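Below is one structure, written out as structure tokens; the observations come after it.
In this text the structure is predicted, and so the values were computed from the model without any measurement. Note on naming: letters A, B, ... go to the chains in the order of the sequence lines (proteins, then strands), and numbering restarts at 1 for each one. Both backbone and side-chain heavy atoms feed into the values below; hydrogens, waters and symmetry mates do not.
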2 protein chains.
Amino acid sequence: MAYEQLKLDNQLCFRLYTAARLTMGAYHPYLDPLGITYPQYLVLLVLWEQDKQPVNDIAHKLFLETNTVTPLLQRMEKAGLVKRTKGKEDTRQRIVSLTKKGIEMREQAKHIPDCLSNEIIQITGEEEEFVRMIPTLDKLIEGLKQQ
Amino acid sequence: MAYEQLKLDNQLCFRLYTAARLTMGAYHPYLDPLGITYPQYLVLLVLWEQDKQPVNDIAHKLFLETNTVTPLLQRMEKAGLVKRTKGKEDTRQRIVSLTKKGIEMREQAKHIPDCLSNEIIQITGEEEEFVRMIPTLDKLIEGLKQQ
DNA sequence: TCAATTTATATCGTTCACGATGCAAAAATA
DNA sequence: TATTTTTGCATCGTGAACGATATAAATTGA
């Protein structure tokens, strides 16, 4: 029967949606003391890997629209984590760079990934199946990226 | 080196977050014609399985807070999909029930799960590894549910 | 029975997320 | 070179998510 398919239990997307929300929630104890949110943490990860990037590059790496990232960066600028300067070759661009505070936060945050994986392992028992999920998720993301 | 851990590529949560957003986006072509959003679709799934539930039960099944679900239901009531009546035994409760429109939408929506799985299979080639992901996600959700 | 506590829902404020739209600068093309 | 198109970013409006708080009703317990 077709209605069977409409059961919540059958849905992969619901699990992704829920797991994503709850995992983000698990970052709270680590990000709250730093005064940042999970999306802001992602922006910092991008900038810690390479400082001074235009808005578009950051958005692209996070698979977000610029109209999501722009206000995010404005809030981060207000919080003193980044500054946004006009591009020199291309004046349409806004180059986002880390402030002293943004650079220093890297040191405070460097333990977070370990904390999170430990937590996940402790909570769920095993690590291997989560590692195995990564290439599958990458395939899904890659496939859905272009409509 | 500890900083290696801070690379975006290493992060499972980022993939969950991204996959969830993009998958929700894949529902747009099917939900837009019905005039509903993905979270509203989830509420309908819950109510199609069992009509007339208090807010709390719906929230619990979706792993959401009631302060997320209440405004969601208010919008759905305004859209004529559900109605919210005072509980009879417990007058604190609001019993949410489907309207005629909400009931009828089940028929229009019954093909959506098949469409989505076909899309995912077509996009990513294989089905099996996504099915395999489900119990792992359930384990993660179950573990993170209680703090 | 009456006060204290818990429960069910609602309201408020902030931050995302994103479609639609606007605008200026750059690039392409006539 | 002048015009058209594209690009990069910003703004606006709407709908989640959720922490904090409020409120009334139910429950507990003294």
Side-chain angles (χ1 to χ4, degrees), chain A residues 14 17-29 31-32 34-43 53-60 62-79 81-82 84-96 144-145 147, chain B residues 14 17-29 31-32 34-43 53-60 62-79 81-82 84-96 144-145 147:
Chain A
F14 173 63
Y17 160 79
T18 304
R21 279 191 307 104
L22 296 181
T23 314
M24 277 172 63
Y27 276 87
H28 261 117
L31 297 181
D32 285 356
L34 303 184
I36 57 175
T37 64
Y38 182 71
Q40 291 174 11
Y41 172 64
L42 292 180
V43 169
Q53 296 189 55
V55 175
N56 214 11
D57 288 20
I58 298 171
H60 191 255
L62 298 179
F63 305 99
L64 288 167
E65 304 298 319
T66 59
N67 57 0
T68 298
V69 175
T70 292
L72 194 55
L73 291 170
Q74 287 168 341
R75 284 186 288 270
M76 291 178 76
E77 186 170 44
K78 203 146 82 176
L81 293 165
V82 301
R84 305 180 305 140
T85 53
K86 280 230 182 291
K88 277 167 190 171
E89 320 87 64
D90 188 336
T91 62
R92 292 172 304 178
Q93 289 186 331
R94 285 280 221 164
I95 307 298
V96 182
L144 291 173
K145 204 176 53 185
Q147 283 89 339
Chain B
F14 172 63
Y17 161 79
T18 304
R21 279 191 306 105
L22 295 182
T23 313
M24 278 173 64
Y27 276 88
H28 262 118
L31 297 181
D32 285 355
L34 303 184
I36 57 175
T37 64
Y38 182 70
Q40 291 174 11
Y41 172 65
L42 292 180
V43 170
Q53 295 189 56
V55 175
N56 214 11
D57 288 19
I58 297 172
H60 192 255
L62 298 178
F63 305 99
L64 288 168
E65 304 298 320
T66 60
N67 57 0
T68 298
V69 175
T70 292
L72 195 54
L73 291 170
Q74 287 169 341
R75 284 185 288 270
M76 291 178 76
E77 186 170 45
K78 203 147 82 176
L81 293 165
V82 301
R84 304 180 307 140
T85 54
K86 279 232 181 290
K88 277 167 189 173
E89 319 87 64
D90 189 335
T91 62
R92 290 171 306 177
Q93 288 186 333
R94 285 281 220 165
I95 308 298
V96 182
L144 291 173
K145 203 176 55 184
Q147 284 89 337

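- Taking NE2 of A:H60 as the start and NZ of A:K145 as the end, the distance is 6.0 Å to the nearest 0.5 Å.
- Residues B:Q40 and B:R75 share a closest heavy-atom pair of NE2-CB, 4.3 Å.
- Think of the region where chain B sits on DNA chain C: with heavy atoms and a 4.0 Å cut, that region ends 5' and 3' at C:dT7 to C:dC18.
- Nearest-nucleotide assignment on DNA chain D puts the 5′-proximal partner with B:T68, out of B:K88 and B:T68.
- Residues A:F14 and B:F63 have side chains in contact (heavy-atom distance under 4.5 Å, counting atoms from C-beta outward).
- For the atom pair CG of A:L72 and CD of A:E77, the computed distance is 12.0 Å after rounding to the nearest 0.5 Å.
- The span of DNA chain D lying next to chain A, judged by atoms under 4.0 Å from heavy atoms, is bounded 5' to 3' by D:dT7 to D:dC18.
- Note on A:T91: only backbone sugar-phosphate atoms sit closer than 4.0 angstrom, heavy atoms only; bases stay farther off.
- Shown here for B:V82 and B:L73, the closest heavy-atom pair between the two residues is CG2-O, 3.9 Å.
- Where A:D90 and B:L22 meet DNA chain C, the nucleotide closest to each residue was compared, and B:L22 sits on the side nearer the 5' end.
- Looking at heavy-atom distances under 4.0 Å, A:N67 makes contact with a base.
- A:P54 comes within contact range of the sugar-phosphate backbone alone, with a heavy-atom separation under 4.0 Å but no base atom that close.
- Each of A:H28 and B:R75 has a nearest nucleotide on DNA chain D; the 5'-most of these lies closest to B:R75.
- A:Y17 comes within 4.0 angstrom of sugar-phosphate atoms only, judged by non-hydrogen atoms across all strands, and of no base.
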